[in-house]
Amino acid sequence: MKKSIPEITLNDGLTLPAIGFGTYKLNGNHGATGITSAIDVGYRLIDTAYNYENEGTVGEAIRRSTVPRNELRITSKLPGRYQEYEKAVTAIQESLYRANLDYYDLYLIHWPNPKQGHFVEAWQALIDAKKWGLIRSIGVCNFLPEHLEQLEKDTGVKPSINQIELHPFFNQEEQRRWHEQNNIKTESWSPLARVNDILENETITQISKQHNKSVSQIILRWHYQLGSIPIPKSSSPERQHENLSIFDFELDETEMAMMAELTRPDGRINDQDPATYEEF
């Protein structure tokens, strides 16, 4: 399975699989079992965060798995309450201790929290943690172009990736284009949006019947063809396998255009606009 997943190279040379596994709300033994299953099925990119309170669960899943650590790509994220430099350094160390890992492959600032004004400090902490060998690649989540520009202007270092809300009802076309022009990869959180809305969508259902694929597979393939890395979550081994099986078919231009028509200005799931929303 693993060999069939294409790889994407970031601007600092780190390679990531073209699809990853989200772990939000996968906690404790149930979570560890689900994440170990995902690794066994073939996922190699695992996404967690300090605020998910399951970095330890991810670490346990890695220990249970037979896959060597160096074949995995583990992501975590810095919470807003620790964006001041010294607090950020300590939080990164704590993230590693929680997971019992020597390094993270990817570490992201979870939200810019622009009203607080500390995200450049946090970015400097990530830059230094990378120099110290604690992180292999550094990026952000939910940053708008003006936030990304400020990082590079103030530190000379641009993120390798920006993880943003991206799904058929909110396709972030302008933001994706900006990333592409600035050599920053896009990663999609909530790639399947709200399941009920998606499963009942006539356009996607129609396309799924054409390809004899599930609605989820159509959406994840759409992300891949957009050049974005989706990180779907499921604790079911069958669904995990299904979500990985998107590399044996292709959506044509008409189908991609049909998918593009589904986006809407108010398409965010929880109205979390990075210009104003803050997470601590």
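For clarity, every value in this text was computed on a predicted model and none was experimentally measured.
- A side-chain donor from one of Glu278 and Gln116 sits under 3.5 Å from a side-chain acceptor of the other.
- In this structure, Ile246 CD1 and Leu220 CG are separated by 5.5 Å, a value rounded to the nearest 0.5 Å.
- Under the 4.0 Å criterion applied to side-chain N and carboxylate O atoms, Arg63 and Glu60 are assigned as salt-bridge partners.
- Residues His211 and Glu255 form a side-chain contact, since some pair of their non-hydrogen atoms from C-beta on lies under 4.5 Å apart.
- Between Gln172 atom CD and Leu226 atom CG the span is 11.0 Å, to the nearest 0.5 Å.
- With respect to the salt-bridge test (charged N to carboxylate O, under 4.0 angstrom), the residues Glu174 and Arg177 do not qualify.
- Residues Tyr24 and Tyr43 fall into different hydrophobic clusters, defined by Ile, Leu, Val, Met, Phe, Trp and Tyr side chains chained together at heavy-atom separations under 4.5 Å.
- In this structure, OG1 on Thr36 lies 9.0 Å from CG on Asn29, to the nearest 0.5 angstrom.
- Atom OG1 of residue Thr75 and atom CD1 of residue Ile46 lie 9.0 Å apart, to the nearest 0.5 angstrom.
- Enclosure of atom CZ in Arg98 by more than 12 non-hydrogen atoms of other residues, nucleotides or ligands within 6.0 angstrom is indicated.
- Side-chain N/O atoms of His167 and Ser190 include no donor and acceptor closer than 3.5 Å.
- Cluster membership check: Ile127 does not share its hydrophobic cluster with Leu10, using side-chain heavy-atom separations under 4.5 Å among Ile, Leu, Val, Met, Phe, Trp and Tyr.
- In the model, Glu121 has a side-chain atom that pairs as donor or acceptor with a side-chain atom of His118 under 3.5 Å.
- Applying the ring-ring contact (aromatic ring centres under 6.0 Å, His included) rule to pairs touching residues 76-106 yields Tyr50-Tyr82, Tyr104-Tyr107, sequence neighbours excluded.
- For the pair Asp102 and Arg69, the salt-bridge criterion is not met [side-chain N within less than 4.0 Å of a carboxylate O].
- The pair Lys87-Glu84 meets the salt-bridge criterion, with a side-chain N (NZ, NE, NH1 or NH2) lying under 4.0 Å from an Asp/Glu carboxylate O.
- Sorted by first and then second residue, the side chain to side chain donor-acceptor pair (under 3.5 Å) pairs with a member in residues 256-273 read Gln272-Tyr277; sequence neighbours excluded.
- A salt bridge (Lys or Arg N to Asp or Glu O under 4.0 Å) check over residues 201-226, counting only residues at least two apart or in different chains, returns the pairs Lys213-Asp248.
- Under the 3.5 Å distance criterion, the side-chain polar atoms of Asn11 are matched with a main-chain donor or acceptor of Asn183.
- In the displayed structure, Glu94 atom CD is contacted under 6.0 Å by more than 12 heavy atoms of other residues, nucleotides or ligands.
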Which atom pairs, donor and acceptor, lie under 3.5 Å between side-chain atoms of residues 132-151 and protein residues at least two apart or in another chain?
{"residue": "Arg136", "atom": "NH1", "partner": "Asp105", "partner atom": "OD1", "Å": "2.9"}
{"residue": "Ser137", "atom": "OG", "partner": "Asp12", "partner atom": "OD2", "Å": "2.5"}
{"residue": "Ser137", "atom": "OG", "partner": "Ser160", "partner atom": "OG", "Å": "2.8"}
{"residue": "Asn142", "atom": "OD1", "partner": "Trp189", "partner atom": "NE1", "Å": "2.8"}
{"residue": "Asn142", "atom": "ND2", "partner": "His110", "partner atom": "O", "Å": "2.8"}
{"residue": "His147", "atom": "ND1", "partner": "Leu144", "partner atom": "N", "Å": "3.0"}

Hey, mind stepping through Asn51 and Arg81 against side chain to side chain donor-acceptor pair (under 3.5 Å) and telling me if it holds? CA-CA 10 Å; Asn51 272 353; Arg81 62 189 176 280; 2.8 Å; yes

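- Evaluation of the salt bridge (Lys or Arg N to Asp or Glu O under 4.0 Å) rule for Glu152 yields no partner, not counting sequence neighbours.
- The closest side-chain heavy-atom distance from Ile231 to Phe21 is not below 4.5 Å.
- A donor and an acceptor atom, one from each side chain of Gln240 and Ser234, are nowhere located under 3.5 Å apart.
- Considering every non-hydrogen atom in both Lys233 and Thr23, the closest pair reads CD-C, 4.2 Å.
- With 3.5 Å as the limit, one finds a donor-acceptor pair spanning the side chains of Ser188 and Ser228.
- Phe170 forms part of no hydrophobic cluster, judged by ILVMFWY side-chain heavy-atom separations under 4.5 Å.
- Within 6.0 Å of CG on Asn70 lie more than 12 heavy atoms contributed by other residues, nucleotides or ligands.
- Atom-to-atom distance recorded for Thr186:OG1 and Glu180:CD is 8.0 Å, nearest 0.5 angstrom.
- Neither side chain, Thr48 nor Glu55, offers a donor N or O lying under 3.5 Å from an acceptor on the other.
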